[in-house]
Protein chains: 2
Amino acid sequence: MGPARQANHTDRNKRPMGKDATESRDLAAMATARLRHAGLRPTRQRVELAGLLFQDCDRHVTAESLHDEVAQAGVKVSLATVYNTLHQFTGAGLLRQVIVDASRSYFDTNTGDHQHFFLEDEGMLIDIPGEHIAVSGVPSPPAGMAVDRVDVVVRVKRA
Amino acid sequence: MGPARQANHTDRNKRPMGKDATESRDLAAMATARLRHAGLRPTRQRVELAGLLFQDCDRHVTAESLHDEVAQAGVKVSLATVYNTLHQFTGAGLLRQVIVDASRSYFDTNTGDHQHFFLEDEGMLIDIPGEHIAVSGVPSPPAGMAVDRVDVVVRVKRA
DNA sequence: CTCACAGTTTAGAACGGTTCTAATGCGTTG
DNA sequence: CAACGCATTAGAACCGTTCTAAACTGTGAG
């Protein structure tokens with residue numbers, strides 16, 4: 001599946017391309033494909049954000065950190081759109097929301113079975129693979145309730 | 001240790017007492033003792049809030065729910081004081097803060113080893129005794145970090 | 001018992017993250 | 001290419017929480 005295949009659509013939003021033009025196109029093409037697959041219209045903003053989020057390894061972002069990052073990449077995306085996009089991606093199963101801090105929402109690009117270290121001093125998350133960790137002895141939930149998810153947060157501090 | 005022992009101090013803030021005057025005094029006396037023991041000055045507001053919090057079994061409150069409750073008990077305590085008090089009690093080890101919801105803080109009167117069910121539909125917490133539940137396979141924390149606490153949240157939804 | 005000090009409470013303003021609004025922009029389909 | 005409907009945006013609104021500065025009160029000394 002070469003990136004050129006979708007070029008007729010994405011080329012319309014032309015922007016100056018440097019030496020890493022090919023990589024950029026790859027990224028955009030992959031992001032676009034991923035969005036289409038998730039049933040989301042590949043708008044300029046969503047493609048840009050998806051490119052940042054799903055480019056490398058697993059990532060943990062807040063709305064603000066992602067907004068800063070996309071701005072630093074020289075693209076203008078409103079904060080409202082970042083919020084909308086994070087929620088849409090979450091709804092589409094592309095992201096998972098992680099609740100570890102009362103005052104900020106984190107989003108995780110790793111949607112598989114895993115848990116987290118939370119570095120309270122820095123507000124930073126680190127994945128713990130699901131194979132490593134196990135929770136046993138969970139009582140059966142109250143009548144009429146079903147377990148949605150079991151979240152483990154290992155809170156660590158500077159020793 | 002009869003409640004009358006401390007009456008010379010507490011009687012100064014006299015208020016009309018109904019048929020459950022004795023119970024009320026017991027409650028207030030116990031709350032006062034608890035506060036003194038924790039190194040907190042037993043003010044009218046703190047005694048009142050401690051009375052509500054530590055009266056029965058284990059409880060889970062939010063600032064707002066506790067504020068409503070104390071108001072309904074006919075006592076006027078400002079919301080700021082409720083927040084102050086919850087934080088002071090937490091600092092003194094009388095409460096534990098539970099982070100399960102991005103938009104509200106919960107406080108738990110059970111400070112022992114245990115975990116929680118979180119009923120997402122109702123925003124309600126239920127304790128899971130520490131003996132019942134076990135987490136194994138937690139990797140060693142990043143260098144220079146020490147585990148502060150391991151939190152398990154079993155999120156349940158209406159089946 | 002009274003005084004005075006330090007810690008506490010309070011109303012209301014301020015704050016910060018998030019969501020809403022209504023107008024404009026843009027992807028898609030025909 | 002036109003037009004429809006979803007997406008984006010700036011800014012206001014929102015809401016839980018924290019801050020501020022002034023009034024109050026528990027406490028220990030005299």
Side-chain angles (χ1 to χ4, degrees), chain A residues 6-15 28 31-33 35-36 38-50 61-68 70-71 75-92 95 97-107 123, chain B residues 6-15 28-29 31-33 35-36 38-50 61-68 70-71 75-92 97-107 123:
Chain A
Q6 268 127 331
N8 52 337
H9 272 105
T10 49
D11 277 353
R12 204 176 300 167
N13 320 332
K14 272 200 173 67
R15 56 200 158 96
T32 301
L35 289 173
R36 282 230 158 77
L40 295 168
R41 257 206 242 174
T43 64
R44 178 180 65 80
Q45 293 85 340
R46 299 214 270 229
V47 170
E48 196 68 44
L49 293 171
V61 301
T62 63
E64 207 191 346
S65 77
L66 186 57
H67 186 239
D68 288 357
V70 77
V75 188
K76 210 176 93 207
V77 177
S78 77
L79 187 54
T81 297
V82 172
Y83 276 104
N84 289 341
T85 304
L86 286 172
H87 288 141
Q88 287 150 172
F89 283 12
T90 301
L95 290 177
Q97 191 165 1
V98 184
I99 297 172
V100 284
D101 186 319
S103 66
R104 279 150 124 78
S105 274
Y106 287 79
F107 293 85
Chain B
Q6 270 128 331
N8 52 337
H9 271 104
T10 49
D11 275 355
R12 203 177 300 168
N13 320 331
K14 275 202 171 67
R15 55 202 159 94
T32 301
L35 289 173
R36 282 231 157 76
L40 295 168
R41 252 205 243 175
T43 63
R44 178 180 65 79
Q45 293 86 341
R46 298 214 270 231
V47 170
E48 196 66 45
L49 292 171
V61 301
T62 63
E64 206 192 347
S65 79
L66 185 58
H67 186 240
D68 288 357
V70 77
V75 188
K76 210 179 99 228
V77 177
S78 77
L79 186 55
T81 297
V82 173
Y83 276 105
N84 290 340
T85 304
L86 286 172
H87 288 142
Q88 288 152 163
F89 284 12
T90 302
Q97 190 164 3
V98 184
I99 297 173
V100 284
D101 186 320
S103 66
R104 278 151 125 78
S105 273
Y106 288 79
F107 293 84

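Side chains included, hydrogens not; waters and symmetry mates left out as well; all remaining heavy atoms used.
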Participant: Tell me: CD of E64(B) to P of dT17(D), nearest whole Å?
Facilitator: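 The distance from CD of E64(B) to P of dT17(D) comes to 8 Å, rounded to the nearest Å.
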Participant: Taking side-chain hydrogen bond (donor to acceptor under 3.5 Å, both in side chains) as the definition, give me every residue that meets it alongside T43(B), ordered by chain and number, with sequence neighbours left out.
Facilitator: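 For T43(B), no residue satisfies side-chain hydrogen bond (donor to acceptor under 3.5 Å, both in side chains) once neighbours in sequence are set aside.
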Participant: Check the distance between dT10(C)'s P and E48(B)'s CD and give it to me in whole angstrom.
Facilitator: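 My rounded result for the distance is 11 Å.
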Participant: Which residues, if any, of residues 78-87 of chain A bring a heavy atom under 4.0 Å of DNA chain D?
Facilitator: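 Contacts with DNA chain D under 4.0 Å: S78(A), A80(A), T81(A), N84(A).
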Participant: State which residues pass side chain to side chain contact (heavy atoms under 4.5 Å, CB included) with A71(B); sequence neighbours excluded, sorted by chain then number.
Facilitator: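 Side chain to side chain contact (heavy atoms under 4.5 Å, CB included) list for A71(B), sorted by chain: empty.
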Participant: Excluding sequence neighbours, so at least two apart, what forms side-chain hydrogen bond (donor to acceptor under 3.5 Å, both in side chains) with Q97(A)?
Facilitator: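 For Q97(A) the side-chain hydrogen bond (donor to acceptor under 3.5 Å, both in side chains) partners, ignoring immediate neighbours, are S105(A).
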Participant: Q97(A) CD to dT19(C) P: how many Å, rounded?
Facilitator: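 So the CD-P distance, Q97(A) to dT19(C), works out to 8 Å.
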Participant: Whole angstroms only, please: what is the CZ-C1' distance between R44(B) and dT9(C)?
Facilitator: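 Nearest whole value for this atom pair: 9 Å.
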Participant: Using a cut-off of strictly less than 4.0 Å, decide whether S103(A) has a side-chain nitrogen or oxygen near OP1 or OP2 of dT17(D).
Facilitator: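 It does not, given that no N or O in the side chain of S103(A) lies less than 4.0 Å from OP1 or OP2 of dT17(D).
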Participant: Measure from the side chain of R41(A), starting at C-beta and using heavy atoms only, and say which of dG27(C), dT17(D), dT10(C) lies closest.
Facilitator: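 Nucleotide nearest to R41(A)'s side chain: dG27(C).
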Participant: Within this structure, what is the CZ-to-C1' distance between R46(B) and dT10(C), rounded to whole angstrom?
Facilitator: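 Checked: the CZ to C1' distance equals 14 Å.
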Participant: On the nucleotide dT27(D), are OP1 or OP2 found under 4.0 Å from the side-chain N or O atoms that R36(B) carries?
Facilitator: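 Looking at the OP1 and OP2 atoms of dT27(D), one of them is under 4.0 Å from a side-chain N or O of R36(B).
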Participant: Rounded to whole Å, please give me the gap between CG in L35(A) and P in dA7(D).
Facilitator: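 Rounding to the nearest Å, CG of L35(A) and P of dA7(D) are 11 Å apart.
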Participant: How close or far is atom P of dG17(C) from atom CZ of F107(A), stated in whole angstroms?
Facilitator: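 That distance rounds to 14 Å.
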Participant: Please compare Q45(B) and R104(B) by the position of their nearest nucleotide in DNA chain D and report the one closer to 5'.
Facilitator: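 Residue closer to the 5' terminus by nearest nucleotide: R104(B).
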Participant: Have a look at S105(B) and say if it touches a base, only the backbone sugar-phosphate, or nothing, with a 4.0 Å heavy-atom cut-off.
Facilitator: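 Sugar-phosphate only.
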Participant: Not counting sequence neighbours, which residues clear side-chain hydrogen bond (donor to acceptor under 3.5 Å, both in side chains) with Q88(B)? List them please.
Facilitator: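 By the side-chain hydrogen bond (donor to acceptor under 3.5 Å, both in side chains) rule, Q88(B) matches R46(B).
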Participant: Counting distance only, does the side-chain N/O of T85(B) pair as donor-acceptor with the main-chain N or O of T81(B) below 3.5 Å?
Facilitator: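 It does hold such a pair.
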Participant: Excluding sequence neighbours, so at least two apart, what forms side-chain hydrogen bond (donor to acceptor under 3.5 Å, both in side chains) with S103(B)?
Facilitator: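 By the side-chain hydrogen bond (donor to acceptor under 3.5 Å, both in side chains) rule, S103(B) matches D101(B).
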Participant: Whole Å only: how far is the CG atom of L40(A) from the P atom of dG27(C)?
Facilitator: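 From L40(A) CG to dG27(C) P: 15 Å.
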Participant: Looking only at heavy atoms, what is the nearest atom pair of P42(B) and T32(B), with distance?
Facilitator: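 Looking at all heavy atoms of both residues, the shortest contact is CB-CG2, 3.7 Å.
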Participant: Looking at K76(A), I'd like to know whether one of its side-chain N or O atoms comes within less than 4.0 Å of OP1 or OP2 on dG25(C).
Facilitator: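 Indeed not, no polar side-chain atom of K76(A) lies that close.
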